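Because the structure is a prediction, the values reported are computed rather than measured. Chain identifiers are assigned alphabetically (A, B, ...) following the order of the sequence lines, protein sequences preceding nucleic acid strands; residue numbering begins at 1 within each chain.
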Number of protein chains: 2
Amino acid sequence: MSAILESFDDISKSAPEPIYQQIKSTIQQRIASGDWTAGQKLPSENELVVALDVSRMTINRALRELTQEGLIKRVHGLGSFVAEAPRHASLIELQDIALEIEQHGKRHSSQVLVLDSVAAPVEIAAQMQLPPGRPVDHLRAIHFQDEIPIQLETRYVNPVVMPEFGQQDFTRVTATAYLLQQFKPDEMEHRVSAVMPDRTLRKLLSMPDGQPCLQLNRRTWSNDQVVTCVTLTYPGDRYELGARYATDEYQLR
Amino acid sequence: MSAILESFDDISKSAPEPIYQQIKSTIQQRIASGDWTAGQKLPSENELVVALDVSRMTINRALRELTQEGLIKRVHGLGSFVAEAPRHASLIELQDIALEIEQHGKRHSSQVLVLDSVAAPVEIAAQMQLPPGRPVDHLRAIHFQDEIPIQLETRYVNPVVMPEFGQQDFTRVTATAYLLQQFKPDEMEHRVSAVMPDRTLRKLLSMPDGQPCLQLNRRTWSNDQVVTCVTLTYPGDRYELGARYATDEYQLR
DNA sequence: GTAGCATACTTGTATATACAAGTATAGCGT
DNA sequence: ACGCTATACTTGTATATACAAGTATGCTAC
């Protein structure tokens, strides 16, 4: 029990990050690391109050938001518990494919096909809310899970916001991981569709004839500017997007 | 200004629903009805405090959660504003297809192909966490947007939880709408995949040869029981799933 | 005129407190 | 042995209060 509470050592009241966020991050890390396993009971709010010397409302907010994000489950009158781990890539969160693959116990590798700067074609310019022809960084890479191609990443990046992007080595760190380090997205848009691959795409993803692809298009904003827009293409037979979460309240709109 | 505040008439402190939820619902309705338009400024927290005679923390919680759900946007030091309307079906929320189609100004109709009770096949039983062979209600329906087929719905329902399901007329009200009236889901799971339609499916959806389908599988829990699991199949060329939302904070896990 | 400062208003976070309501358990009486 | 109750602990919600920090506006000094 006290072993669990020791995880919360580095909560600082004068940190730039708010306290409730620090608590959330700590719990997230413990769960992600496999340190806390599914079904395990978390300390009660009151235990955390005395352990962290923080108001109960602050802890309540942290745990409530974690519940909404599906990381923990709370039962009125009983306690808080680590939720079952979702088996699929999350549609909700921004996830680094390398991390995701490794969390499933497989090996990730990637190959950069293209990394250059191009004049934005009209569709891309429209997506990025830039005038057409404006230079944008362009990346095309394949990601492998145990040597099997599982994702084609086609990404455009606004060089005004991310000037160093073109100089990175994306075989060692994925573009997603790099970008997440560099900025904090404040808005995202996801679009999911099913498409048939052309011959090039089929070859790149080692796909048999007649198999569809699942395509995820994501735009990411920071300070009301589109920082990056990316198209992730998955072989339909090898991948599934998914999400599972608690619905504290849902709505029709 | 006061016209806006009049929307909050029916907030009751003794209602079974919590106050913050009533506030959320009120705002959601006003936005959904088109009453409040994108970009419009909402009353400040303090204005709502005096208007509703409710603590600021309660209002703060309502607005904070609406922000997280992408319905409104808040700017520190400036105010709260109605967010831009998302253009696509949301992956996050449970959406009634009839409503969604009508919100795009089109006409919705649907045709029930099958509505019966069957012994649960093994895959369905597994999905619904029931013993195989247990009777489950089974619905198969096509949804049309302006006479064009746009979604095939294949649904299984746990009759223990929803005993009246088999007796409904699903040409007048969709199964989603009916179920949403009947219970409050407390957990959901979504899986999205790309599949090739077989001949039957191609015919039902009036699809040309060689076109893939986007398939959304959703399970819905209430009180830790699977109430319903549904597979929604869309023609790949006529539909796109999407979501856009603010990321108050995102995380890698 | 303009730069800079003061101010008023906004949201963001944190606290202490209170009561309601759900769950499990120990212990009592029969 | 069985059922009921009291109790202790849990989460859920609501309030009043406080301070921090961001934004816009208007005023003042130059």
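Straight-line distance from the CG atom of A:Asn46 to the C1' atom of C:dA18: 13 Å, rounded to whole Å. The nearest whole Å value for the distance from the CG atom in A:Asn60 to the C1' atom in C:dA20 is 14 Å. One interatomic measurement links the two molecules: CZ of A:Phe81 to C1' of D:dT10, which rounds to 9 Å at whole-angstrom precision. The nearest whole Å value for the distance from the NZ atom in A:Lys73 to the C1' atom in D:dG12 is 17 Å. With rounding to whole Å, A:Arg64 atom CZ is found 13 Å from D:dT11 atom P. Straight-line distance from the CZ atom of A:Arg74 to the P atom of D:dC9: 18 Å, rounded to whole Å. Remark: P of D:dT10 and CD1 of A:Ile72 are 15 Å apart, rounded to the nearest angstrom. Residue B:Glu65 contributes atom CD, which lies 17 Å from atom P of C:dT11 at whole-angstrom precision.
Evaluation of the salt bridge (charged side-chain N to carboxylate O under 4.0 Å, His left out) rule for A:Glu45 yields A:Arg56, A:Arg74 as partners, not counting sequence neighbours.
Judged by distance alone, with hydrogens and angles left aside, the side-chain atoms of A:Gln22 form a donor-acceptor pair with the main-chain N or O of A:Glu17 at under 3.5 Å.
For A:Glu65 and B:Arg64, the salt-bridge test passes: some basic side-chain N is under 4.0 Å from an acidic carboxylate O.
Using a 4.5 Å heavy-atom cutoff, the side chains of A:Glu69 and A:Gln28 are in contact. Annotation: side chain of B:Ile72 is in contact with side chain of B:Leu63 (closest heavy-atom distance under 4.5 Å). Between A:Leu179 and A:Arg155 there is a side-chain heavy-atom pair separated by less than 4.5 Å. No side-chain heavy atom of B:Leu139 sits less than 4.5 Å from a side-chain heavy atom of B:Val157.
When every heavy atom of A:Arg218 is checked against every heavy atom of A:Leu232, the shortest pair comes out as NH2-CD1, 4.1 Å.
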Each nucleotide N or O in nucleotides 21-25 of chain D that has a protein N or O under 3.5 Å away: list the pair and distance.
residue: D:dA21; atom: N3; partner: B:His76; partner atom: NE2; Å: 3.0
residue: D:dG22; atom: N2; partner: B:Gly77; partner atom: O; Å: 2.8

With the criterion being N/O to N/O and under 3.5 Å, what pairs connect the protein with nucleotides 14-17 of chain C, and how long is each?
residue: C:dA14; atom: OP1; partner: A:Ile19; partner atom: N; Å: 2.3
residue: C:dA14; atom: OP2; partner: A:Tyr20; partner atom: N; Å: 3.4
residue: C:dT15; atom: OP1; partner: A:Lys13; partner atom: NZ; Å: 3.2
residue: C:dT15; atom: OP2; partner: A:Ser55; partner atom: N; Å: 3.1
residue: C:dT15; atom: OP2; partner: A:Thr58; partner atom: OG1; Å: 2.8

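Note on A:Ser80: a side-chain N or O is less than 4.0 Å away from OP1 or OP2 of D:dT11.
Taking the six-membered ring wherever Trp is involved, the centroid distance between the rings of B:Tyr156 and B:Phe165 does not fall below 6.0 Å.
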